[in-house]
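Below is one structure, written out as structure tokens, with a few remarks after it.
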Amino acid sequence: MAPLDTGIGAAVRRREDARFLTGRGTYTDDINRPGQAHAYILRSPHAHATIKKVDIKKAKSSPGVIAVYTGEDFKPINGVPCGWLVTGKNNKPMIEPKHPIIAEGKARHVGDPVAVVIAETKAEARDAAEKIDIDYGALPAVVDMKAALKGGGKSVHDAAPDNLCFDWELGDKAATDAAFAKAAHVTTLDLVNNRLVPNALEPRAAIGDYDKATGEHTLYTTSQNPHVIRLLMGAFVLGIPEHKLRVVSPDVGGGFGSKIYHYAEEALVTWAAKQLGRPVKWTADRSESFMSDAHGRDHVSHVELALDKDNKFLGFRFETLANMGAYLSTFAPCIPTYLHGTLLAGNYSTPAIHTNVKAVFTNTVPVDAYRGAGRPEATFMIERVIDKAARELKTDPAELRRKNYIKPEQFPYQTPVALMYDIGNYGATLDQVLKLSDPGGYAQRKAASKAKGKLRGRGIASYIEACGIAPSNVVGSLGARAGLYEAATVRVNPTGSVVVFTGSHSHGQGHETTFAQVVSSMLGIPMESIEISHGDTNRVPFGMGTYGSRSIAVGGTAIHNAVNKIIAKGKKIAAHMLEAAEADIEFKNGKFTVAGTDRSKAFGEIALAAYVPHKYPLETVEPGLDETAFYDPKNFTFPAGSYVCEVEVDPDTGVVEIQSFAAADDFGRIINPMIVEGQVHGGLAQGIGQALTEACVYDKNGQLQTGSFMDYCMPRAQDVPNFKVAHSVTACTHNPLGVKGCGEAGAIGAPPTVINAIVDALQEYGVEHIDMPATPHRVWKAIQDAKARKR
Amino acid sequence: MPTVKMTVNGKAVSAEVEARTLLVNLLREKLGLTGTHVGCDTSQCGACVVHIDGKSVKSCTTLALQAEGTKVTTIEGLANGEKLHPMQEAFRDNHGLQCGFCTPGMVMSAICLVKETPNPTEKQVRDGLEGNICRCTGYHNIVQAVLAGAKAMRG
Ligand code: FES
Ligand code: FES
């Protein structure tokens, strides 16, 4: 590799920052098309109601109104499709009701679209929407999952009378039951993984544009994966073939999963633009985001851990109810199953594991992947029950974990829940986090807290995640309705500059920097000569997008492989030019050299020759230097780590303050440590948010109680500490860069770490568990309840 | 429709607006200054922060007419040609941004914070950014950036 200070491993400053820092980014709402009209969506105020009559007369004659559409107009159009078919027990496929663009006859959650007004300005559209008169027949809402499964005449969908979407299991039940039967100790725990609202800071937006002359549709949208939207919306909803549909996702202001899915609004503006012969723009208000972006988590679980007399894990047993919301979002069914059940071995060699997941329809916003997606829920169950076991067995929680870790020599390790971990060293990250977090000084810090009237607690947790999603044949056999490879084209221009077209999409991850570093390292050319192009289906040949920490492992490998094709072709050209055998050509530091000689051609000379092929092997080699690679990963990648957190609890008020947070991760090889650390920080803050402040709350009537930043508590700068972050490296064994991915780790590992610390702080009261978010009220109440029990 | 006049990034502007038009809509839609963002509808996130007469203000909660006769500075008006403001520079050096959506408001708030507290502690920075939400960075690097920016602004 070239000795450039911008190559792999260098903390290169980000190239995208120049535009973002000067206000020159182009987010979807910054785009305005000539003649554009504005859409405003009227949403159901009821969680569950029949729509008896919609009167749009007054709205239609309201100033500036161009059109008003209702569910009737969309009846002939397909609903929003689901991208994953989960098959449950007894081969029973999930129930998959239509998810209409605009509600047909019935509204199923607060925020379900019931009509849309298109007008000259957004304000006029909004004014007109107020004049739509809807006769609703309110129905009792299905909110609580346990109650939902009893049915009792309350069904979100007629097709699922007891509201069960699927009943799925994984693992050997008989072997697991046998393990529990012979256990020396069993620890059990009931817990909730709280519903979250992703809240990327940029609200979703979409602009539909239609060119009558060419018949081409263009959709500008806040998406993490424009090609996936082209496929889902084009093929399954509107019937627009790929060559007539361009999807552009320009700068996108954060996603965290919530911008993976195909949303109704995208289809709506695309369809309306053609009807009206004018571009149509829709931008969500934040309150609209709260009731229309897919939410995350929302599991209710029962967990059991069996140990033998030496504290070795014998078995894990899990029962989970997973909320699907009112309709199936794009990836919803795979989150509590293949991204959750398969992770239930954690970092441990436990011989028997069984899980049962029931997915439930409720009158709430659809639930889908949110940063971590299934893996935070899995990790929370495992790491909480281990912590409780350590306390019951009066053993050190770190050492109980260490004792049960899969050891480095056990890799590749086949878990009892389908995955094959390729490599890891969990003891190394544990040692590293212990070193970072000064366990030796803890007693002193605890005493100092006590002197201030505060209770100090220390929590630890380990995590593993499956990233680099995913081998297409594997996910295909599990119900995925798409492949999960990635594509890249590397185009070398005649003067030697390079454009990389990648199917990965950057919405904060810094791909324009990281990917350029990979190419710069491989080709030995400066970053300035490399452009990374993404987010436009008319420029990028194909792509599956960015989610599941897959960009570097899958997208990066596609780029790597395409660059290697460039180098291979360059060698052929160089061999001809240098009159040497192809096998004798070496490529290093940007030069093609005849091995053992000083005869060489620079990369730029080869590029020029490829486009001006005068002295060129035209009989055997095509002109041009432009290569595409599709990379389908051979396995998932398995980042892992251990985190330690110390908290102070004020026993009088229940206020929890994080005093320190240390994270040690193994992401495999790291391309840009600055960017990786930033990803860890961001994930940690979201995990801490889940643990301490964030909760999406519905009342028993299905009304969203947390519908704005006024009542949904986003973590602010004051709520999170400075983070201590370190890495150790076991290189991924099955991709050429040795990379694993880092985007979700913090959000996965932080919640159990924080809760373990709080429970530790409350030991003198004998508190065993506290549900997230551990708000002051909850903590205070846990203390009061514990005191009452003791009396 | 009433006309409003003000100076934006050093240029005199005059525009017809509805009484209900917010300053952020004037900036984004009429003046094409799309660097100022809208992240919420409850005056919580700070993506829309601009300076009015040197003070940071949420432009989503200010009527355009209220800015009559003032000097407004947006993120587009901070750099001097290609030379970034020291706070912009500090955000870049400290990786204080990821998706960039909160960034304009964050930078504008940070500058005002430092003008009021030239040598802030970490806690003062965290408290001072209470009105700005970032979903990406976990704030760690933003705080580092503001501390570094403050140092650079002190000269
Ligand atoms: S847009 Fe959120 S505070 Fe102004
Ligand atoms: S950088 Fe994305 S919200 Fe702050």
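Quick note: numbers below take in every heavy atom, side chains included, and nothing from hydrogens, waters or symmetry partners. The chains referred to below are lettered A, B, ... by the order of the sequence lines, with proteins before strands, and numbering in each begins at 1.
- Most heavy-atom pairs under 4.5 Å with chain B: of the set Ala685(A), Gly689(A), Gly678(A), Ser708(A), this distinction falls to Gly678(A).
- In this structure, the portions of Gln679(A) lying under 4.5 Å from any heavy atom of chain B include both its backbone and its side chain.
- Of the two parts of Phe256(A), only the side chain, counted from C-beta on, holds a non-hydrogen atom closer than 4.5 Å to a non-hydrogen atom of chain B.
- Per-residue counts of heavy-atom pairs under 4.5 Å with chain B were compared for Asn199(A), Asn32(A), Thr26(A); the largest is that of Asn199(A).
- Rounded to the nearest 0.5 angstrom, Arg716(A) CZ and Leu129(B) CG are separated by 11.0 Å.
- Top candidate by heavy-atom pairs under 4.5 Å with chain B, chosen from Gly253(A), Ala284(A), Ser289(A), Ala200(A), is Gly253(A).
- A donor-acceptor pair is defined here as one N or O able to donate and one able to accept, closer than 3.5 Å; such a pair exists between the side chain of Tyr139(B) and the backbone of Pro715(A).
- Within the 4.5 Å cutoff, side-chain heavy atoms of Ile675(A) are placed close to those of His95(B).
- With rounding to the nearest 0.5 Å, the separation of CG in Asp29(A) from CD in Glu29(B) is 7.5 Å.
- At least one side-chain heavy atom of Gln718(A) sits under 4.5 Å from a side-chain heavy atom of Glu130(B).
- When all heavy atoms are compared, the tightest approach of Tyr27(A) to Gly100(B) is OH-C, 3.1 Å.
- Between Leu201(A) and Cys45(B) the shortest side-chain heavy-atom distance falls below 4.5 Å.
- At a 4.5 Å heavy-atom cutoff, the contact between Ala123(A) and chain B is made by backbone and side-chain atoms alike.
- Residue contact with chain B, scored on non-hydrogen atoms closer than 4.5 Å, involves the backbone of Val252(A) exclusively.
- Neither the backbone nor the side chain of Val125(B) comes within contact range of chain A, judged by heavy atoms closer than 4.5 Å.
- To the nearest 0.5 angstrom, Asp93(B) atom CG is 9.0 Å from Met674(A) atom CE.
- The pair Glu18(B)-Lys122(A) fails the salt-bridge criterion, with no side-chain N (NZ, NE, NH1 or NH2) lying under 4.0 Å from an Asp/Glu carboxylate O.
- When all heavy atoms of Gln144(B) and Asn722(A) are compared, the pair lying nearest together is NE2-OD1, 3.3 Å.
- A salt bridge links Arg28(B) with Asp30(A): the distance from a Lys NZ or Arg NE/NH1/NH2 to an Asp or Glu carboxylate oxygen falls below 4.0 Å.
- If you measure heavy-atom distances from Glu82(B) to chain A, the contacts under 4.5 Å come from the side chain alone.
- Shortest non-hydrogen contact noted between Arg14(A) and Leu97(B) is NH2-O, 3.4 Å.
- Separating the CG atom in Asp17(A) from the CD atom in Glu89(B) is a distance of 10.5 Å, to the nearest 0.5 Å.
- Between the side chain of Arg126(B) and the main chain of Ala717(A), a donor-acceptor pair closer than 3.5 Å is present.
- Using a 30° and 60° split on the angle between ring planes, His140(B) and Phe723(A) fall in the parallel class, below 30°.
- Comparing Gly746(A), Ser287(A), Ser506(A), Ala11(A) by heavy-atom pairs within less than 4.5 Å of chain B, the highest count is held by Ser287(A).
- Using modelled atom types, one side-chain atom of Gln686(A) and one backbone atom of Arg135(B) make a donor-acceptor pair closer than 3.5 Å.
- For the atom pair CG of Asp41(B) and CE of Met710(A), the computed distance is 10.0 Å after rounding to the nearest 0.5 Å.
- In this structure the side chain of Arg286(A) never reaches within 4.5 angstrom of the side chain of Thr42(B), judged on heavy atoms.
- Distance CE/Met714(A) to SG/Cys40(B): 10.0 Å, rounded to 0.5 Å.
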